[in-house]
Engineer: 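Starting off with a structure, shown below.
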2 protein chains.
Amino acid sequence: MTAALPDNHVPSPFRTREQRSAERAEKREAVLRAAVRMFNARGFHATSLDDVAASLGISKPTIYHYLGNKEQVLIECVTRGLELLSVAAEEVRAAPGDGLTRLRAFLHRYARLMMDDYCRCVVRTGDESLSPEGAALFRARKRGIDQSLRALIADGVADGSIAPVDVRMAAFMLAGALNWPGRWHDPAGPMSPEAIADALVDLLIRGLAPRA
Amino acid sequence: MTAALPDNHVPSPFRTREQRSAERAEKREAVLRAAVRMFNARGFHATSLDDVAASLGISKPTIYHYLGNKEQVLIECVTRGLELLSVAAEEVRAAPGDGLTRLRAFLHRYARLMMDDYCRCVVRTGDESLSPEGAALFRARKRGIDQSLRALIADGVADGSIAPVDVRMAAFMLAGALNWPGRWHDPAGPMSPEAIADALVDLLIRGLAPRA
DNA sequence: TCTAAATATTACTCACCAGTAACTTGCATC
DNA sequence: GATGCAAGTTACTGGTGAGTAATATTTAGA
């Protein structure tokens with residue numbers, strides 16, 4: 001965290017412009033982090049910004065100094081989560097391999113991400129918490145990820161590495177199964193996100209029927 | 001709806017005691033039905049009892065005439081949903097057949113139920129909406145259903161009709177995949193609950209990998 | 001040293017909503 | 001027909017929480 005300092009440098013209590021701007025960004029980040037944790041634990045409506053502020057040892061107007069209003073706090077949180085998922089989707093789509101290999105890679109990353117605070121917030125946030133404009137944006141970004149997922153499935157069906165399934169329905173099924181950990185996973189629990197992702201992806205690809 | 005009437009009977013505007021009691025039950029039911037729809041559409045916290053009352057053309061105190069408080073409204077709704085799921089679980093557990101056959105039957109009924117208002121409410125309601133006592137009861141009943149699901153999977157693994165999977169993880173995966181329609185399914189959409197259930201169960205049993 | 005911006009606070013306003021009190025009307029039974 | 005219960009109403013209370021105004025304090029920089 002600390003940058004390399006010149007010889008015999010006594011750390012100055014005075015900050016440069018960049019340091020101040022970085023500090024501001026860090027504080028903003030801390031607010032979002034505290035907020036997303038509370039939203040996930042207690043729900044958006046049941047969490048007051050006073051609570052969030054108190055958990056950081058500050059007062060509510062300080063939050064308004066960094067973020068416009070309560071909805072913007074939520075939007076920033078879900079946007080961060082959506083960004084993580086989108087990046088995963090893009091990277092996998094650009095990778096080589098047949099449909100099933102790439103789908104498996106995506107599912108694995110998706111499952112692990114679902115145990116991240118911001119991604120959990122994406123799954124736990126319903127449209128009803130947002131204003132019409134916010135909800136429209138939210139839906140659009142989710143649709144983008146869903147379409148990446150469908151494209152991967154369609155590729156696999158086309159190249160024969162995936163069984164000839166209904167693409168839309170398969171995408172719903174996979175999303176449901178992989179979103180669920182966002183609701184029940186306990187970070188303090190015994191299973192690591194990695195192990196959970198392994199097990200889930202394997203079950204989804206192979207199914208429950210015994211292999212002949 | 002109307003009972004068989006004696007010859008030449010002119011319907012009386014006066015109700016018997018049973019009729020009045022049935023009417024009361026019917027009105028109570030209508031309140032729950034209107035409430036669960038709104039809870040599903042807008043979320044519990046975002047729905048006021050004034051809104052629910054207005055949608056029925058009555059006033060809020062009337063709701064309190066039939067139900068104790070807002071939480072009790074929610075509890076009645078989720079209890080109805082849990083009851084439907086429990087009954088399905090019990091019937092399937094009592095039925096004959098190998099593990100896979102019975103599991104498939106349960107999954108199918110579960111998937112269809114998930115498109116019922118009360119069952120959707122079960123999935124969409126988080127513990128945070130309830131008081132500690134309410135949440136404990138809610139969790140206990142959900143655990144019961146989960147254990148039925150696990151028992152069915154374990155039976156199938158034992159008799160060889162299901163691949164040797166991790167039972168806990170498989171139960172999580174199945175629940176996630178089947179709960180999801182409760183969030184996205186649009187009753188006005190083109191696919192019937194029956195068709196959705198068929199497709200999902202098939203995907204879950206067979207997996208995405210091509211059959212050899 | 002003086003000023004302006006950034007950071008934070010206390011102390012409010014305003015709206016919404018759960019829940020209640022007190023009252024009205026109508027039906028049913030004695 | 002008097003009495004009492006059931007079903008509703010209007011009009012309130014009280015609490016909570018989003019968002020704001022006014023203000024204090026620190027720090028950067030001229």
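In the text below, chain A, chain B and the rest are named by the order of the sequence lines, each starting its count at 1. Hydrogens, waters and symmetry mates are skipped; everything else that's a heavy atom, side chains included, is used.
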Engineer: How close or far is atom C1' of dC17(C) from atom CG of Asp51(B), stated in whole angstroms?
Structural biologist: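 Going from CG in Asp51(B) over to C1' in dC17(C) covers 10 Å.
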Engineer: Any donor and acceptor pair, going by atom type alone, linking the side chain of Asn179(A) with main-chain N or O of Ala175(A) inside 3.5 Å?
Structural biologist: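 Side chain of Asn179(A) to backbone of Ala175(A): a pair is present.
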Engineer: Cation over ring, Lys142(B) on Phe138(B), under 6.0 Å and within 45°?
Structural biologist: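 Yes, Lys142(B) and Phe138(B) form such a contact.
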Engineer: Specify the separation, in whole Å, of atom CG of Leu74(B) and atom P of dA18(C).
Structural biologist: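 Whole-Å distance recorded here is 12 Å.
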Engineer: Got Tyr66(B) and Leu32(B) here, is their nearest side-chain heavy-atom distance under 4.5 Å?
Structural biologist: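 A side-chain contact is absent here, since even the closest heavy-atom pair is not under 4.5 Å.
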Engineer: Using a strict heavy-atom distance below 4.0 Å, which residues from residues 52-65 of chain A are in contact with DNA chain D?
Structural biologist: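 When residues 52-65 of chain A is checked for heavy atoms under 4.0 Å from DNA chain D, the hits, listed by number, are Lys60(A), Pro61(A), Tyr64(A).
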Engineer: From CG of Leu49(B) over to P of dG19(C), roughly how many Å is that when rounded to an integer?
Structural biologist: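 Taking CG of Leu49(B) and P of dG19(C), I get 7 Å after rounding.
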Engineer: The side chain of Ser48(A) lies closest to which of these nucleotides: dA7(D), dA18(D), dA8(C)?
Structural biologist: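 That would be dA18(D).
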Engineer: Backbone N or O of Asp117(B) within a donor-acceptor pair of the Asn40(B) side chain at under 3.5 Å?
Structural biologist: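 Side chain of Asn40(B) to backbone of Asp117(B): a pair is present.
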Engineer: Does the side chain of Glu83(A) reach to within under 4.5 Å of the side chain of Arg141(A), using non-hydrogen atoms?
Structural biologist: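 They are in contact (side-chain heavy atoms under 4.5 Å apart), so the answer is yes.
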Engineer: Would you indicate, yes or no, if dA7(D) has its OP1 or OP2 atom less than 4.0 angstrom from a side-chain nitrogen or oxygen of Arg24(B)?
Structural biologist: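 Checking Arg24(B) against dA7(D): at least one side-chain N or O falls below 4.0 Å of OP1 or OP2.
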Engineer: Rounded off to whole Å, could you give me the CZ-to-C1' distance for the Phe39(A) and dG17(D) pair?
Structural biologist: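 From Phe39(A) CZ to dG17(D) C1': 13 Å.
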Engineer: How many Å lie between CG on Leu67(A) and P on dT7(C), as a whole number?
Structural biologist: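 Between P of dT7(C) and CG of Leu67(A): 13 Å.
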Engineer: Round to a whole Å and report the spacing from CD of Glu71(A) to P of dA18(D).
Structural biologist: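 Between P of dA18(D) and CD of Glu71(A): 13 Å.
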Engineer: Which whole-number value in Å describes the distance from Asp50(B) CG to dG19(C) P?
Structural biologist: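 Result: 12 Å.
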Engineer: Can you name the closest pair of heavy atoms from Thr62(A) and Ile58(A) and give their distance?
Structural biologist: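 That closest heavy-atom pairing would be CG2-CD1, 3.8 Å.
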Engineer: Arg28(A) has an atom CZ; how far is it from atom C1' of dT7(C), in whole Å?
Structural biologist: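 Value for this atom pair: 15 Å.
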